[in-house]
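Everything numeric in this text was worked out from a predicted model, so none of it was measured. Both counts, for ligands and for their atoms, begin at 1 and track the order of listing.
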Amino acid sequence: MSQSHPRISKAVIPAAGLGTRFLPATKATPKEMLPVVDKPAIQYVVEEAVAAGLDDVLMVTGRNKRPLEDHFDRNYELESALEKKGDGERLAKVQESSDLATMHYVRQGDPKGLGHAVLCAAPHVGDEPFAVLLGDDLIDPRDPLLQRMIEVQQEHGGSVVALMEVAPEQIHLYGSAAVEATEDADVVRLSGLVEKPSREEAPSHYAIIGRYVLDPAVFDVLSKTEPGRGGEIQLTDALQQLAADATLGGPVHGVIFQGRRYDTGDRGDYLRAIVRLACEREDLGPDFRTWLQRFVTEEMQQR
Ligand code: G1P
C-alpha cells in the first residue's frame, strides 16, 4: 500500500430522499428507518462503514429525518428502564447504534440529486478522500467491498466506484461504465460513465452500485456540473468528467463486486432482502427456513 495518499476516515451517507415508493410507511418515518429483520436499514450501512475503518460518519438529511439522529444517539429513558429490569441483552442492542461512530448531520435543503447531496458534504470532508455509501444497497459483511475499494484508492489515488455485472434489461436502473482491464482481475479503469442509459446506449453490463471512494476534487467538479438525467445533479456525470480528464483529480477505477448485495430500494427487493437475511440469521434462521419451505410448498400446490 502506498503511503502517498491520505488515510480515509470519513463516510458520507446521503439520506434525504422522500421514500415515496414506500408510502404510506414513509409518511412520518424516514425510509432509512424501515426495519430489515429487526434493525433499521441505515444501521447496516453505518456498520459497514465502521467495519471498513471509517468512524466519522456524515449523514446528508432533509426534513422529517429526526428519527435518524435519535437512532444513533443515546436514549437514557429506555436505557435506564432496561437497566432496572436487568435486561442486559436488550440494553446492549439499544446502546449498539449510539456507540458505533461519531455521527454528524447536514441538511440538503433542496433535493437536487445525489451529486448535490455529496456536494453538501464538502465543508465537513475538506481536502481528503472519503467514502459515499447509498442506503438502498446493503452489502453482506462477509463480502467486504469497501475495504477493497479503499485499498485500491490508496494504491492508485483518484476515485473508485463499485461495479456489478447486471442483466442488460436492468442496466437502465443504474449508472454504467466503459471499462479497461488492469493487472488485478477485480479492478478496472473507467474510461466513461453514463447515468441510467438505455440498453442500447449502455457502455457495458457493469452497473455502479452504491459505494464510492472519492477524491475531494469531485467537489469542485460537482459545483460546476449542470443538472443531468431527471433534471438532477448527477454524481455519475461528475465522475465522467474526472475519468475523461485525469488532471482534474483522476483516475477513476472500479472494483468488480461478486459478493452478496441486498437491494432495499423498492418493495419487492426490500421483501427479498428481509427473507434472505432472516434465513441467514443464527437466532431466527432455522425456524424461519422451516416455515418458509412449508409455506412455499403449500403455495405451489395451490397454483
Ligand atoms: C444512484 C446513482 C446510480 C447508481 C445507483 C446505485 O441512483 O445515481 O448511478 O447506479 O444509485 O444504487 P438511484 O438508485 O439513487 O436513482
Side-chain angles (χ1 to χ4, degrees), residues 11-22 26 30-32 34 36 41-42 44-45 48-49 59-62 108 111-121 131-140 145-146 149 159-179 188 190 192-199 201-214 218 221-222 225-243 252-257 259-270 272-273:
V12 173
I13 305 182
L18 296 174
T20 47
R21 282 185 277 189
F22 287 88
T26 48
K31 69 166 177 173
E32 293 80 8
L34 295 181
V36 176
I42 193 74
Y44 291 87
V45 180
E48 183 191 335
M59 273 193 202
V60 184
T61 66
Q108 191 178 358
K112 289 194 272 190
L114 176 59
H116 178 247
V118 171
L119 192 52
C120 293
V132 174
L133 294 86
L134 305 189
D136 286 346
D137 287 299
L138 302 189
I139 304 294
D140 196 298
L145 166 63
L146 199 52
M149 293 172 71
S159 298
V160 180
V161 302
L163 298 174
M164 210 168 173
E165 224 173 325
V166 300
E169 59 274 16
Q170 296 281 310
I171 201 77
H172 71 280
L173 299 169
Y174 299 92
S176 178
V179 303
V188 287
L190 271 58
L193 295 93
V194 189
E195 178 65 6
K196 306 212 170 89
S198 67
R199 190 177 170 156
E201 290 162 343
S204 73
H205 293 168
Y206 287 115
I208 303 171
I209 54 170
R211 298 293 179 271
Y212 307 81
V213 177
L214 300 174
V218 77
V221 176
L222 276 171
T225 300
E226 296 290 328
R229 185 158 290 267
E232 298 189 334
I233 297 172
Q234 297 292 350
L235 181 57
T236 305
D237 293 345
L239 287 167
Q240 156 62 20
Q241 292 187 53
L242 289 174
V252 182
H253 284 87
V255 167
I256 296 168
F257 183 61
R260 286 157 282 198
R261 162 182 173 258
Y262 312 101
D263 189 342
T264 58
D266 75 28
R267 290 172 303 172
D269 288 332
Y270 172 71
R272 283 184 274 277

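- Side chains of P168 and H205 form a contact here, defined as non-hydrogen atoms less than 4.5 Å apart.
- Applying the 4.0 Å criterion to heavy atoms of D137 picks out, from ligand 1, the atoms 6 (C), 12 (O).
- Not a single heavy atom of D136 sits under 4.0 Å from any atom of ligand 1.
- Counting only heavy atoms of the protein, atom 5 (C) of ligand 1 lies nearest to I208 O, 4.0 Å.
- Where the criterion is an N or O separation shorter than 3.5 Å, residue side chain and backbone included, L134 fails it with respect to ligand 1.
- By the neighbour-count criterion of 12 heavy atoms within 6.0 Å, atom CD of E169 is densely surrounded, having more than that number from other residues, nucleotides or ligands.
- Proximity to T236 (heavy-atom distance under 4.0 Å) selects the following atoms of ligand 1: 9 (O).
- Taking atom 9 (O) of ligand 1 as the reference point, the nearest protein heavy-atom neighbour is E195 OE1, 2.6 Å.
- Proximity to G175 (heavy-atom distance under 4.0 Å) selects the following atoms of ligand 1: 3 (C), 4 (C), 9 (O), 10 (O).
- Ligand 1 has no N or O atom lying under 3.5 Å from any N or O atom of Y174, backbone or side chain.
- Counting only non-hydrogen atoms, the option in K196, Q234, M164, R229 that gets closest to atom 13 (P) of ligand 1 is K196.
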(message) Go through it in stages, so that I can follow the logic: the residues are L163 and I209, the test is side-chain contact (heavy atoms from CB on, under 4.5 Å), and I'd like the CA-CA distance, side-chain angles, deciding distance and then a yes or no.
(response) CA-CA 6 Å; L163 298 174; I209 54 170; over 6 Å; no
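- Atom 15 (O) of ligand 1 is not flagged as protein-proximal [any protein heavy atom, distance under 4.0 Å].
- Every heavy atom of L235 sits 4.0 Å or more from the atoms of ligand 1.
- Judged by distance alone, the side chains of H116 and Q108 do bring a donor and an acceptor atom under 3.5 Å apart.
- The residues R261 and D263 are annotated as salt-bridged, a charged nitrogen and a carboxylate oxygen being separated by less than 4.0 angstrom.
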Next on the checklist: Could you go through L146 and I139, starting from their C-alpha distance and side-chain angles, then the distance that decides it, and tell me whether this counts as side-chain contact (heavy atoms from CB on, under 4.5 Å)?
Outcome noted: CA-CA 9 Å; L146 199 52; I139 304 294; over 6 Å; no
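- Taking the six-membered ring where the residue is Trp, the centroids of Y270 and F22 are separated by under 6.0 Å.
- Taking both residues in full, the closest heavy atoms of K196 and L173 are given as CE-O, 3.2 Å, listed atom of the first, atom of the second, then distance.
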